[in-house]
Amino acid sequence: MTALVISEHNNDELKPVTLNTVTAAKQLDEDVHVLVAGKDCASVAEASSKIEGVTKVLLIDSEEYEHFLAENIATLVAKIAAEYNFILAPTTTSGKNFMPRVAALLDVSQISDICAVESPDTFQRPIYAGNCIATVKTTDEKKVITVRTTAFDATSAETGSADIVTMEEVHDSGISEFIKEEIAQSDRPELTAADVIISGGRGMQNGENFSLLEGIADKLGAAIGASRAAVDSGFVPNDYQVGQTGKIVAPNLYIAVGISGAIQHLAGMKDSKVIVAINKDEDAPIFQVADYGLVGDLFDVVPELEGKI
Amino acid sequence: MKILIPIKRVVDYNVKVRPMSDESGVDLNNVKMAINPFCEIAVEEAVRLKEAGAAEEIISVTIGTSASQEQLRTSLALGADRAILVESDTELEPLGIAKLLKAVVEKESPDLIIMGKQAIDGDNNQTGQKLAALLGYPQATFASDLSIADGKAVVTREVDGGLQTVSVNLPAIVTTDLRLNEPRYASLPNIMKAKSKPLDVMPASDFGLDIAPRISTLKVSLPPEREAGVIVESVDELIDKLKNEAKVIS
């Protein structure tokens, strides 16, 4: 039997989180296939075929899948799943949306957000906002799994040469409809794939001040993130949020600026390799997880850092 | 319109839980319990719809032990009209819970089901989607805005890249994200009133469904601890450390 990875993409480009998900899949099964479902997404299938170790790419190009509506995608995946032992997707808002629906259609207990594979039926996953790690074993024959992508390295996307097989499968539920999307356009790397992240918190005081972080982000090629407090206060949009209910990140360098370090924020970034905290409150909990802490006023420190970096 | 709000009793979000010393599970002795924060948002949204005249009846439901009556009473104090406890002494998985909720939906025929996107104990983020699948209903997960018109719910969803708006035919399942609303506090008169609102208890075993767990927890342990770091005195020292010690910038 084989593992199937549901690729994440925007109909044009393959999202890097797919590569980490393939790594998890390869720990479960030698044979890994990738499903590319979408509209006018041949370029995504092309990119997927180059992922090292992937043996087949299934391409399903049809307008019902353009916006990845859970009702349509889940029906499609559940049908294709008959041939597979493992069905995996990244723990993104997309994977979180349709995978439990797939699992229920297959009468399977999904294993959410795995951070390690111990054996083909035993996994580790964070619970209680990452305060504990549970080792869980499933008796389901088919395994439906979402993958914490920061816990697995990315597979190379250059050396593979999988066959692309085009399939026709139309599943339009007719009960849900896409209306619109407001997707942030940015030249910066995506938060979940960035090597360096600089994040602002409530200490930034307002949205305009986030521009202070841009200079450093430009110099380091960093993505810009935010704490829940900064998003709830309306400083920046929701897609900036790092934390238990936002994005889980693990860059090489995470710079937390004016972030106190609430549990739910730490849950989203404490697996970063190196953490820097800049905060004027020396008792802020963020300093307990930071490798390097600098106690000071961010409005002095950030411009100085930008100038000297 | 009739709204069903499935809720869950969980450890209070302020509590930092720890594994038991034998790593057999999470230590929940003498820990403060509360209604799951995302479920609270679901209750609030239902109450607002009723206050706006868009809904006539709100029913809260939970699957859990007898102690969960406490959280159902909270939901009644916040504005639910009646409550149902499907009583189970064993811990159930999202799949089993979704199966029981499906049976409750079939009995009550709500037009809209609003529930939390995830419980902050297991962090599974599955039950709403699974319930939708079992019922063949559409789903709108991670909602930050909800409006009802012409037999449809128009929902703005928080997605990784920003926001997505979908329209789903009713009956539908909506799961709440943080910014859908800010839940109110229950007033004392409403807490008193909630005590006399109807709360039905039915044993989970009466439903005759396959809700046996498929997943066993072998171990619960602490995540790897981060080593304590250092406080640097200046920006120059910070840059030096990042360049020469951590080697993360050049």
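Just so it is clear: chains get the letters A, B, ... in the order the sequence lines come, proteins before strands, and each one is counted from 1.
- Contacts between K273(A) and chain B at a heavy-atom distance below 4.5 Å involve the backbone alone (N, CA, C, O).
- Considering only heavy-atom pairs separated by less than 4.5 Å from chain B, the leading option among Q185(A), R125(A), M99(A), E190(A) is R125(A).
- Not one N or O on the side chain of E177(A) forms a donor-acceptor pair closer than 3.5 Å with the backbone of V166(B).
- Put simply, of T92(A), I278(A), N10(A), the one with the most heavy-atom pairs under 4.5 Å next to chain B is T92(A).
- Checking side-chain atoms of D160(B) against main-chain N and O of T93(A) turns up a donor-acceptor pair under 3.5 Å.
- A donor-acceptor contact closer than 3.5 angstrom links the side chains of Q126(B) and S112(A).
- Within the 3.5 Å criterion, the main-chain N or O of N131(A) finds no donor-acceptor partner in the side chain of R18(B).
- If you measure heavy-atom distances from Q241(A) to chain B, the contacts under 4.5 Å come from the side chain alone.
- Heavy-atom pairs under 4.5 Å with chain B peak, among A129(A), S176(A), A74(A), P100(A), at P100(A).
- Looking at V102(A), neither its backbone nor its side chain comes within 4.5 Å of chain B, counting heavy atoms on both sides.
- No donor-acceptor contact under 3.5 angstrom links the side chains of Y137(B) and E71(A), judged on distance only.
- K130(B) has no carboxylate O lying under 4.0 Å from a charged side-chain N of D107(A), or vice versa, which leaves the two without a salt bridge.
- Closest of all the heavy-atom pairs between D123(B) and Y128(A) is OD2-N, 3.6 Å.
- The part of L69(A) that comes within reach of chain B is its side chain, from C-beta onward, which places non-hydrogen atoms under 4.5 angstrom from that chain.
- Panel note: side chain N238(A), backbone E158(B); no donor-acceptor pair is recorded below 3.5 Å.
- For a residue to count as touching a neighbouring chain, one of its non-hydrogen atoms must lie under 4.5 Å from one of that chain's; by this rule F287(A) touches chain B with the side chain only.
- Using a 4.0 Å cut-off between a side-chain N of Lys or Arg and a carboxylate O of Asp or Glu, R226(B) and D291(A) qualify as a salt bridge.
- In this structure a side-chain-to-backbone donor-acceptor pair under 3.5 Å is missing from K308(A) to I239(B).
- At a 4.5 Å heavy-atom cutoff, the contact between A134(A) and chain B is made by backbone and side-chain atoms alike.
- At a 4.5 Å heavy-atom cutoff, the contact between L220(A) and chain B is made by side-chain atoms alone.
- Under the side-chain contact (heavy atoms from CB on, under 4.5 Å) rule, Q164(B) has a single partner from E182(A), K180(A), E181(A), which is E181(A).
- Looking at heavy atoms from C-beta onward, F38(B) lies in side-chain contact with T245(A) at the 4.5 angstrom threshold.
- Listed options D195(A), T138(A), I133(A) were ranked by heavy-atom pairs under 4.5 angstrom with chain B; first place goes to I133(A).
- A donor-acceptor pair shorter than 3.5 Å cannot be found between the side chains of Q110(A) and R214(B).
- Against chain A, the residues from residues 22-30 of chain B that qualify, each with a non-hydrogen atom under 4.5 angstrom away, are V26(B), L28(B) in number order.
- With a threshold of 4.5 angstrom between heavy atoms, T146(A) does not approach chain B through any atom at all.
- Heavy atoms closer than 4.5 Å to chain B are found nowhere in S173(A), neither backbone nor side chain.
- A donor atom on one side chain and an acceptor atom on the other are found under 3.5 Å apart for N97(A) and Q139(B).
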